[in-house]
Amino acid sequence: MKKTVLVFALLILALLLLFQIGKYAIVSGDLKTEIIVAIIAIVFFFIGIYINKKSLQKHNKVSIEINHKKIDDLGITNREYEVLQHISLGLSNQEIADKLFLSESTIKTHVSNLLVKLNAKRRTQALQIAKNLQII
């Protein structure tokens, strides 16, 4: 929080300084107004890029490790885990069957087994449970 306040305070300070320099340049007649506006725009463009890069770096640091022991404890097979991963991508049973070269009824069986093992009533609930258990 302190860092955010400091960044915005520095931005406000930079803006005030740029306006004062611009006002001086206009009064003294050294620079044209268009050049001053262009300089201010370029400075804020680079400040925006810097802030954007800093905010994107925070999102990249989030990584959750898969709890393989919990997968084994639940008795989820490798194929069922593959199906669970494809469910998390939002694929339908037919799309999962096409990707894994299985029949749709086999996928339905795997989904049914997953629902029982995760104690869920729906696919969405199974995904939420899997995320909470850190297995997906």
Side-chain angles (χ1 to χ4, degrees):
M1 181 69 177
K2 292 179 184 179
K3 189 175 183 180
T4 305
V5 172
L6 180 64
V7 168
F8 280 107
L10 290 174
L11 285 174
I12 291 170
L13 180 63
L15 182 64
L16 288 173
L17 286 173
L18 285 172
F19 283 142
Q20 290 300 323
I21 291 170
K23 186 171 102 176
Y24 171 75
I26 291 173
V27 171
S28 66
D30 290 343
L31 295 173
K32 292 185 178 182
T33 307
E34 294 86 8
I35 295 173
I36 295 168
V37 171
I39 291 170
I40 292 171
I42 290 170
V43 168
F44 278 98
F45 174 75
F46 286 112
I47 291 172
I49 289 174
Y50 174 76
I51 291 174
N52 186 26
K53 284 185 179 180
K54 287 293 184 180
S55 67
L56 289 178
Q57 287 176 355
K58 291 179 183 177
H59 297 295
N60 292 338
K61 293 180 182 177
V62 177
S63 65
I64 299 173
E65 291 188 28
I66 303 297
N67 188 348
H68 294 287
K69 185 179 184 303
K70 192 67 174 173
I71 295 170
D72 293 336
D73 291 345
L74 291 171
I76 296 175
T77 64
N78 289 338
R79 184 60 86 175
E80 289 170 345
Y81 187 69
E82 283 182 297
V83 170
L84 183 62
Q85 288 175 326
H86 284 90
I87 291 172
S88 72
L89 297 174
L91 300 179
S92 68
N93 288 342
Q94 185 60 52
E95 291 170 329
I96 296 170
D98 292 341
K99 284 197 179 268
L100 297 179
F101 303 107
L102 298 171
S103 69
E104 187 175 2
S105 62
T106 304
I107 299 301
K108 287 180 183 178
T109 303
H110 289 312
V111 171
S112 176
N113 290 339
L114 280 168
L115 294 178
V116 169
K117 290 177 181 179
L118 292 172
N119 195 20
K121 294 180 182 177
R122 296 174 302 282
R123 290 163 65 119
T124 54
Q125 187 180 15
L127 284 176
Q128 187 61 42
I129 292 169
K131 286 182 182 179
N132 289 340
L133 295 174
Q134 294 181 342
I135 62 175
I136 196 158

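All figures in this text were calculated on a predicted structure; none of them were measured in a lab. Just the heavy atoms: all of them, side chains too, but no hydrogens, waters or symmetry mates, feed the values below.
The shortest side-chain heavy-atom distance between Q134 and K70 does not fall under the 4.5 Å cut-off. In this structure, the side chains of V83 and L102 stay at 4.5 Å or more apart for every pair of heavy atoms. L100 places none of its side-chain heavy atoms less than 4.5 Å from the side chain of T106. Counting only heavy atoms from C-beta outward, the side chains of I136 and I87 never approach each other to under 4.5 Å.
Note: Q125 CD to N119 CG = 7.5 Å, rounded to the nearest 0.5 Å. In this structure, CG in L84 is found 14.0 Å from CZ in R79, a value given to the nearest 0.5 Å. Note that CG of L133 and CD1 of I66 are 11.0 Å apart. Values are rounded to the nearest 0.5 Å.
Residues forming a side chain to side chain contact (heavy atoms under 4.5 Å, CB included) with S112 (at least two apart in sequence, or on another chain): none. Applying the side-chain hydrogen bond (donor to acceptor under 3.5 Å, both in side chains) criterion to N113, with sequence neighbours excluded, gives E80. Residues passing the side chain to side chain contact (heavy atoms under 4.5 Å, CB included) test with L115, sequence neighbours excluded: V111, A120, A126. The side-chain hydrogen bond (donor to acceptor under 3.5 Å, both in side chains) test applied to N132 returns Q128, not counting sequence neighbours.
I42 and Y50 fall into different hydrophobic clusters, where Ile, Leu, Val, Met, Phe, Trp and Tyr side chains are chained together by heavy-atom contacts under 4.5 Å. At a threshold of 4.5 Å between side-chain heavy atoms, the hydrophobic network of Ile, Leu, Val, Met, Phe, Trp and Tyr places I129 and L89 in one connected group.
Counting Ile, Leu, Val, Met, Phe, Trp and Tyr side chains that sit under 4.5 Å apart, directly or through other members, F101 stands alone, with no cluster partners.
L118 and L74 make their closest contact through CD2-CD1, 3.7 Å (heavy atoms, listed as atom of the first residue, atom of the second, distance). Between Y81 and I71, the closest heavy-atom pair is CE1-CD1, 3.4 Å.
The number of heavy atoms from other shown groups lying within 6.0 Å of CG (D72) is above 12.
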For residues 91-98, which side-chain N or O atoms pair as donor and acceptor with protein atoms under 3.5 Å away, sequence neighbours left out?
from, atom 1, to, atom 2, distance (Å)
S92, OG, E95, N, 3.3
S92, OG, E95, OE1, 3.4
N93, OD1, R123, NH1, 2.5
Q94, NE2, D98, OD1, 3.0
E95, OE1, S92, N, 2.8

